[in-house]
Amino acid sequence: MVSAPSPAPVVLRCGEVRTCLLPASRPLSAEDTARLLGLRLGEPVTLSARPARHAQSPSLLTGVDCALPTADGTKIRAVGTVVSRASVTEGRVVQADAFTGVPLLGPGSRRPWWHYLARPGVVEPLGKLPEPAVAQGLLTACRPDELDLGLIAEGLLTEVLGHPLLDHRPPLPTPCTRLRWVALRPTDGSPAPAVRFTLAGAGHRTVELRLPAEIEPPVIAAFCADLALHDWLLTVLTGLLDEAPPGSAPEEPLRAAAAHLLHLWMPAARPDPRLLPLWEALERTPGFGRQWQSLAQRVRDLLVLYSLPGTGVPGGPRRTSRRPRQHRRRQ
């Protein structure tokens with residue numbers, strides 16, 4: 001009896017994360033968060049309370065049969081499934097991500113769907129994968145007929161945000177961000193992980209990783225979701241402070257940020273030991289932790305400034321002066 005050939009290992013891993021403030025006036029409880037993320041009947045939501053409250057939905061599968069985006073225009077068709085998940089941190093920040101893995105070599109023709117369902121979270125090319133061209137194509141805009149992981153993540157986020165539990169009265173206005181990522185094999189033979197983080201435009205970030213092929217897409221996706229969360233926190237504080245220079249800042253948004261966001265900063269709260277060097281690299285360049293400490297301290301300093309009398313800052317207490325009463329002498 002001849003055994004079936006083993007499937008080709010995944011070499012390119014890719015995904016996209018959407019991050020925004022949960023549109024609710026109060027943080028959701030653990031019970032309500034579980035209801036919000038119960039996207040599949042009979043499958044539980046994963047809840048954790050330490051070191052930060054975090055909830056993750058069951059994984060969903062989306063079948064795809066389309067072209068892969070390429071930077072050089074190479075045409076390559078791929079068939080398989082994409083994994084998507086939603087998560088909520090501390091009942092306040094919601095994320096939706098979609099990811100998959102692509103092997104270097106796939107079958108020469110399309111197989112039945114059961115073949116692809118047997119490898120969830122893998123998209124197989126029809127033929128050989130032009131790895132560098134596809135990696136760069138995934139980080140740039142996708143055409144309508146190409147694999148668009150962001151579209152899958154956005155659809156899941158829209159579904160979660162439409163839940164009747166949400167009153168759509170967030171405590172402060174915040175942007176949404178999207179982070180696209182690709183992970184390739186190291187090119188120089190070194191197994192050491194490497195990361196390149198780029199601000200690619202308004203709310204758009206890209207991350208290029210160099211990781212050994214044995215690190216699975218779900219592990220990398222969890223790291224990138226954590227990175228997206230902390231980049232979003234930096235983006236929110238930067239925006240608030242840019243719009244609120246000293247002497248003319250509205251006090252309420254900064255108070256809301258201090259009450260609802262400052263305690264969420266906790267990078268690598270649930271780390272995979274193999275990816276800890278990536279956080280160390282991000283602390284060196286661009287210096288996530290240093291920037292956060294500076295922004296958070298500035299928020300606190302402004303709030304202290306508002307509380308001082310006689311500062312002339314809108315929203316702060318004002319010192320009133322009374323003119324001495326003049327008494328007229330009787331003639």
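Sequential numbering from 1 along the given sequence is applied to the chain's residues. Note: hydrogens, waters and symmetry copies are ignored here, and every other heavy atom, side chains too, is used.
- Salt bridge status for D301 with R298: absent, with no side-chain N to carboxylate O gap under 4.0 Å.
- Atom CD in E154 sits 9.0 Å away from atom CD in E16 (nearest 0.5 Å).
- At least one side-chain heavy atom of P175 sits less than 4.5 Å from a side-chain heavy atom of T235.
- Counting heavy atoms from C-beta on, the side chains of L262 and L237 come closer than 4.5 Å.
- Counting all heavy atoms, side chain and backbone alike, C20 lies closest to C176 at CB-SG, 2.9 Å.
- The main-chain N or O of E283 is found under 3.5 Å from a side-chain atom of R290 such that the two form a donor-acceptor pair.
- Contact check for L37 versus Q56: no side-chain heavy atoms found under the 4.5 Å cut-off.
- A side-chain contact (heavy atoms from CB on, under 4.5 Å) with V94 holds for exactly one of T33, L161, T19, L166; it is L161.
- The structure places OG of S87 at 4.0 Å from NE2 of H54, a figure rounded to the nearest 0.5 Å.
- The CZ atom of F223 sits 9.5 Å away from the CG atom of L276 when rounded to the nearest 0.5 Å.
- For the salt bridge (charged side-chain N to carboxylate O under 4.0 Å, His left out) condition, the pairs that include at least one residue of residues 216-229, sequence neighbours left out, are E216-R274.
- Panel note: side chain W279, backbone L227; no donor-acceptor pair is recorded below 3.5 Å.
- Within 6.0 Å of CZ on R270 lie more than 12 heavy atoms contributed by other residues, nucleotides or ligands.
- Residue Y116 is not grouped with residue L104 when hydrophobic side chains (ILVMFWY) are merged at heavy-atom distances under 4.5 angstrom, including chains of intermediate members.
- Proximity of a side-chain donor or acceptor of S307 to a complementary backbone N or O of V304 within less than 3.5 Å is detected.
- Considering only heavy atoms from C-beta on, T198 stays 4.5 Å or farther from L139 through its side chain.
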(request) Would you check, one step at a time, whether the test side-chain contact (heavy atoms from CB on, under 4.5 Å) holds for C224 with D97? (result) CA-CA 9 Å; C224 289; D97 70 327; over 6 Å; no

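- Put simply, V82 and W181 are part of two different groups of oily side chains (I, L, V, M, F, W, Y) that touch within less than 4.5 Å, one to the next.
- Taking the side-chain contact (heavy atoms from CB on, under 4.5 Å) definition, one finds that L151 meets it with D148, sequence neighbours left out.
- W265 and F288 have tilted rings, their planes meeting at an angle from 30° to 60° on a 0 to 90° scale.
- The main-chain N or O of P69 is never found under 3.5 Å from a side-chain atom of R143 such that the two would form a donor-acceptor pair.
- Rounded to the nearest 0.5 angstrom, F197 CZ and L278 CG are separated by 13.0 Å.
- Rounding to the nearest 0.5 Å gives a distance of 5.0 Å between CG of L156 and OG of S84.
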(message) Run L199 and D231 through side-chain contact (heavy atoms from CB on, under 4.5 Å) and show every step you take.
(response) CA-CA 10 Å; L199 297 175; D231 168 73; 4.1 Å; yes

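- Taking CG of L61 as the start and OG1 of T81 as the end, the distance is 5.0 Å to the nearest 0.5 Å.
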(request) Report the C-alpha separation of Q136 and E208 in whole Å, then their side-chain angles, then the decisive distance to 0.1 Å, and conclude whether the side-chain contact (heavy atoms from CB on, under 4.5 Å) test is met. (result) CA-CA 9 Å; Q136 290 305 310; E208 184 175 338; 3.5 Å; yes

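- Side-chain atoms of E146 do not come within 3.5 Å of backbone N or O of A67 as any donor-acceptor pair.
- Every pair passing side chain to side chain donor-acceptor pair (under 3.5 Å) that includes a residue from residues 100-114 is listed here, sequence neighbours excluded: D65-R110.
- Two residues are said to be in side-chain contact when any heavy atoms from C-beta on lie closer than 4.5 Å; Q291 and T238 meet this criterion.
- Considering all non-hydrogen atoms of both residues, V182 and C14 come closest at CG1-CB, 4.1 Å.
- Proximity of a side-chain donor or acceptor of D167 to a complementary backbone N or O of S25 within less than 3.5 Å is detected.
- Taken together through direct or relayed side-chain contacts under 4.5 Å among Ile, Leu, Val, Met, Phe, Trp and Tyr, L302 and W292 form part of one hydrophobic cluster.
- The nearest pair of heavy atoms linking V17 to Q95 is CG1-NE2, 3.7 Å.
- The two residues P217 and R13 make their nearest non-hydrogen contact at CG-CG, 3.5 Å.
- Connection of L126 to V10 is not established within any shared hydrophobic cluster, with ILVMFWY side chains joined at heavy-atom distances below 4.5 Å, either directly or through further cluster members.
- Nearest approach of A86 to L39, heavy atoms of both residues: CB-CD1, 4.4 Å.
- No continuous path of ILVMFWY side-chain contacts below 4.5 Å connects I152 to V83, so the two sit in separate hydrophobic clusters.
- Looking at P171 and R92, their side chains come closer than 4.5 Å, going by heavy atoms from C-beta outward.
- Nearest heavy-atom pair, L22 versus G91, reported as atom, atom and distance to 0.1 Å: CD2-O, 3.7 Å.
- In this structure, V134 and V102 have side chains that are not in contact, with every pair of non-hydrogen atoms separated by 4.5 Å or more.
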(request) Please step through side-chain contact (heavy atoms from CB on, under 4.5 Å) for the pair H230 and L282, ending with a clear verdict. (result) CA-CA 11 Å; H230 290 84; L282 290 168; over 6 Å; no

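- Taking 4.5 Å as the limit, some side-chain heavy atom of L172 sits within range of a side-chain heavy atom of L21.
- At least one donor-acceptor pair closer than 3.5 Å links the side chain of R210 to the backbone N or O of R185.
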